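Worksheet: one structure, shown below.
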Amino acid sequence: IVHMAQEIKDKSEKDYQEVYNAIAVKLREEDEFDGYIGYGPVLTRLAWHSSGTWDKNNNTGGSFGGTYQFQKESNDPSNKGLHNGAEFLAPIHKQFPWLSHGDLYTLGGVVAIQELQGPVIPWRPGRVDLPEDMTPDNGRLPDAVYGADYVRNFFKRLDLNDQEVVALMGAHCLGRTHLQNTGFDGPWGAASNTFTNEFFLNLLNENWKLEKNEAKNMQWNSPKGYMMLPTDHALIEDDKYMAYVKLYATNNDKFFEDFAKAFKKLLEGGITFPQSTPTYRFETLDSQGL
Ligand code: HEM
Ligand SMILES: Nc1ncc(C2CC2)[nH]1
């Protein structure tokens, strides 16, 4: 299967910056969601989950077809809680009906990372809505209860290596787990809505204890009230992953640079873009003085 991005001839960088700004203004205004965390984290997770269904072996799934819009995918138990992100984006789709669902979901993640003071994520348009019967089966997204070998093997299907996996996991600096979504709880301390390398610093500096939570799942908790999933903690149990955890804990610029590259790669998995497709690097609201 070839997912050839369409050439967008009648839309300019200004048009896409206008969509970016509409999402960013809504993100700034609707700040009360999830105990004043806001929509940034759940938009980031929606962009990741709509892309993370890709299978490089047969080029099925991925962000291209925007199939998260169909219940077969949005009702995947792995996607519990993401309807909040989709409902946030629905008025944006109404305002800009020419934007495909795949472009909408991935752009939402780009806006979230950038507006939460993370790196600029280069982004290309041209994903094309596919029919419902092209929706990938449930079960393509990762479980949180396993260790390093599982994580390494899982991300092979998305063509992501150790360095890319560790960089991407840094997005767990955002938001929080919700017992009713995934059976994991916490952090009880201030969950963050600012993109930093804190995930790596916490992994290295906190005193982690493996405990059974209220949903009978094992998770790692720290005296400060932070938590790590077993798949998070796996990054300091494996020597190859540990090297990147230490790199990103001590070099924030390198983390930002590597995260931006890996997140773009994740959001574009399986897509062939025409040579003529521009790569956009959007301005944040702050940098536009808005
Ligand atoms: C082994 C891979 C991964 C596993 C097992 C995993 C698992 C989870 C779980 C269980 C939650 C809690 C969801 C909830 O209870 O509402 C979560 C939240 C989140 N994940 Fe991951 N994740 C993984 C990789 C990623 C990646 C690659 C990204 C993005 C680059 C990401 C971004 C997020 C964000 C932003 C949240 C917070 C969502 C919110 O606050 O509503 N995760 N993840
Ligand atoms: N440490 C940690 N692992 C997963 C999370 C969810 C993103 C909030 N937090």
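Keep in mind it's a predicted model, so treat the numbers as computed, not measured. Whatever order the structure lists them in is the order used to number ligands and atoms, beginning at 1.
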Short version for R176: what comes under 4.0 Å of ligand 2, heavy atoms counted, is backbone
For G175, the ligand 2 atoms with a heavy-atom partner under 4.0 Å come out as 8 (C)
Exercise. Establish whether L179 and L82 are linked, either directly or via other cluster members, by ILVMFWY side-chain heavy-atom contacts under 4.5 Å.
Key: no
For ligand 1, protein residues within the heavy-atom limit of under 4.0 Å are P41, V42, T44, R45, W48, P142, D143, A144, F155, L168, M169, A171, H172, L174, G175, R176, T177, H178, N181, T182, L229, T231, F263
Per-atom filter on ligand 2: closer than 4.0 angstrom to a heavy atom of D232 are 1 (N), 2 (C), 3 (N), 4 (C)
* What do you reckon, does L229 have a nitrogen or oxygen under 3.5 Å from a nitrogen or oxygen of ligand 2? -> no
Near L174 (heavy-atom distance under 4.0 Å), the atoms of ligand 2 are 7 (C), 8 (C)
(request) Verify the cluster assignment for F70 and W54: are they in a single hydrophobic cluster under the rule of side-chain heavy atoms below 4.5 Å apart? (result) no
So the salt bridge (charged side-chain N to carboxylate O under 4.0 Å, His left out) pairs with at least one residue in residues 20-31 (sequence neighbours excluded) are K26-E30, R28-D286
Those residues at least two apart in sequence (or on a different chain) that pass side-chain hydrogen bond (donor to acceptor under 3.5 Å, both in side chains) with T44 are none
- Message: Does the plane of the ring in Y39 sit parallel, tilted or perpendicular to the ring in F88? Use 30° and 60° as the thresholds.
- Response: tilted
Quick note, salt bridge (charged side-chain N to carboxylate O under 4.0 Å, His left out) partners involving residues 259-269, not counting sequence neighbours, are R124-E268, D159-K265, E164-K265, E257-K261, K264-E268
In terms of ring plane angle, is the pair W123 and F282 parallel, tilted or perpendicular, where the classes change at 30° and 60°?
tilted
Q) Any sub-3.5 Å donor-acceptor pair from D34's side-chain atoms to I37's backbone N or O? A) no
